There are 2 protein chains.
Amino acid sequence: MNKVFEALAHPVRRDILKLLRKRAMCAGDIAEHFPIAKPTLSGHFTVLKNADLVTTQRQGTTIMYHLNMSVMEEALGAFMALAGNKGKER
Amino acid sequence: MNKVFEALAHPVRRDILKLLRKRAMCAGDIAEHFPIAKPTLSGHFTVLKNADLVTTQRQGTTIMYHLNMSVMEEALGAFMALAGNKGKER
DNA sequence: TCGTTATTTAGGCAATTACCGAAATATTGT
DNA sequence: ACAATATTTCGGTAATTGCCTAAATAACGA
């Protein structure tokens with residue numbers, strides 16, 4: 001769970017997750033939304049992957065990034081344990 | 001909101017918040033729960049204060065730390081916007 | 001096989017973070 | 001005013017982070 005919170009600590013990574021919430025996207029399409037170099041973004045992807053917040057799936061020459069909803073919800077639960085509002089109220 | 005997520009990225013700081021959830025505590029009492037030097041802990045307090053996650057109140061020679069529930073709930077809302085489960089369902 | 005496109009890895013640098021011990025500051029009681 | 005206690009600030013160091021450009025890897029189509 002620590003890796004998840006560390007991953008969430010950078011605004012670019014949170015924005016990536018927000019994008020992936022709408023739909024899965026490949027690295028290049030994600031990159032178009034940010035004014036930073038692709039290798040830098042690739043590093044952010046690695047952080048998100050190591051935190052299990054996203055999964056990847058190669059499709060030919062591109063790599064699709066998917067949001068891992070179950071881990072997101074786990075993290076939400078951990079956060080609720082901190083932020084009040086006991087219970088998960090699904 | 002960025003500072004809040006950054007503050008949450010360190011396990012010691014999350015544990016401090018967890019302690020303060022039960023009751024307000026002074027710096028020294030908090031320090032007894034951690035195997036790290038007091039100046040280090042004081043740095044963590046500063047991070048939490050700058051994120052507005054805690055407030056302080058001097059009581060004589062000690063300084064009481066209080067959890068700032070409203071900011072915690074704001075952060076929870078921001079997280080829910082990421083982690084699915086639209087709406088705040090208070 | 002060669003060239004093209006998509007993405008990652010490598011190498012390097014500046015800034016930040018986390019930690020510590022020592023010293024400074026603030027408050028109280030004697 | 002002084003000593004004792006609580007906490008922070010200072011100064012320093014090692015590790016990590018975030019960013020970049022250049023080079024490497026992977027998959028495809030001609």
Side-chain angles (χ1 to χ4, degrees), chain A residues 1-20 22-68 71 75 82, chain B residues 1-20 22-68 71 75 82:
Chain A
M1 190 54 50
N2 189 45
K3 282 186 181 176
V4 173
F5 280 104
E6 282 172 2
L8 291 171
H10 197 289
V12 166
R13 290 192 294 262
R14 289 196 302 278
D15 285 345
I16 292 170
L17 295 176
K18 211 177 292 182
L19 280 178
L20 293 180
K22 295 190 216 138
R23 68 174 198 287
M25 297 173 75
C26 70
D29 288 351
I30 296 173
E32 286 178 5
H33 290 78
F34 300 94
I36 63 184
K38 281 177 186 176
T40 301
L41 216 36
S42 183
H44 287 308
F45 294 152
T46 299
V47 173
L48 292 171
K49 245 186 308 188
N50 288 340
D52 245 1
L53 283 166
V54 301
T55 57
T56 59
Q57 177 188 0
R58 187 175 270 279
Q59 281 181 6
T61 169
T62 72
I63 296 179
M64 290 296 281
Y65 280 85
H66 300 257
L67 194 53
N68 185 349
V71 171
L82 275 183
Chain B
M1 190 53 52
N2 189 44
K3 281 187 182 177
V4 172
F5 281 103
E6 282 173 1
L8 291 171
H10 195 289
V12 165
R13 290 193 292 264
R14 289 197 302 278
D15 285 344
I16 292 171
L17 294 176
K18 210 177 290 180
L19 280 177
L20 292 179
K22 295 189 216 141
R23 67 174 199 286
M25 296 173 77
C26 69
D29 288 351
I30 296 173
E32 288 178 4
H33 291 78
F34 300 94
I36 63 184
K38 282 176 185 174
T40 302
L41 216 36
S42 183
H44 287 308
F45 294 151
T46 299
V47 173
L48 291 171
K49 245 186 307 188
N50 288 340
D52 245 2
L53 283 166
V54 301
T55 57
T56 58
Q57 179 189 357
R58 187 176 268 279
Q59 282 182 6
T61 168
T62 72
I63 296 180
M64 290 297 282
Y65 281 86
H66 300 257
L67 194 55
N68 186 348
V71 171
L82 275 183

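All chains are named by letter (A, B, ...) in the order of the sequence lines, taking the proteins before the strands, and each is independently numbered beginning at 1. Note that this is a predicted model, so its numbers are computed, not measured.
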Do V12(B) and F34(B) have side-chain heavy atoms sitting under 4.5 Å apart? yes
How long is the gap from OH on Y65(B) to CG on L17(B), to the nearest 0.5 Å? 12.5 Å
Close side-chain approach of L67(A) and L19(A), heavy atoms under 4.5 Å: no
Quick check: does any side chain N or O of R14(B) sit under 3.5 Å from a backbone N or O of A7(B), one acting as donor and the other as acceptor? no
Find every protein N or O atom lying less than 3.5 Å from an N or O atom of nucleotides 25-30 of chain D, and list the pairs.
none

Find out whether M25(B) and R23(B) are in side-chain contact, i.e. whether some heavy atom of one side chain is under 4.5 Å from a heavy atom of the other. yes
Listed by chain and number, what are the ring pair (Phe, Tyr, Trp, His ring centres under 6.0 Å) partners of F5(A), not counting sequence neighbours? none
Chain A on DNA chain C: first and last contacting nucleotide, 5' to 3', under 4.0 Å to a heavy atom? dT5(C) to dT9(C)
By the definition side chain to side chain contact (heavy atoms under 4.5 Å, CB included), identify the one residue from D15(A), I30(A), I36(A) that meets it with H44(A). I36(A)
So how far is it from R13(B) CZ to L41(B) CG, rounded to the nearest 0.5 Å? 11.0 Å
Sorted by chain and number, sequence neighbours left out, side chain to side chain contact (heavy atoms under 4.5 Å, CB included) with K38(B) holds for A31(B)
For residues 3-13 of chain A, which residues have at least one heavy atom under 4.0 Å from DNA chain D? H10(A), R13(A)
Does anything in residues 31-48 of chain A reach DNA chain D, meaning a heavy atom under 4.0 Å, and if so which residues? I36(A), A37(A), P39(A), T40(A), H44(A)
Does the R58(B) side chain pair with the main chain of I63(B), one donor and one acceptor, at a distance under 3.5 Å? no
Is any side-chain heavy atom of M64(A) closer than 4.5 Å to a side-chain heavy atom of T56(A)? no
Would you say N68(B) and L53(B) make side-chain contact, with heavy atoms under 4.5 Å? no
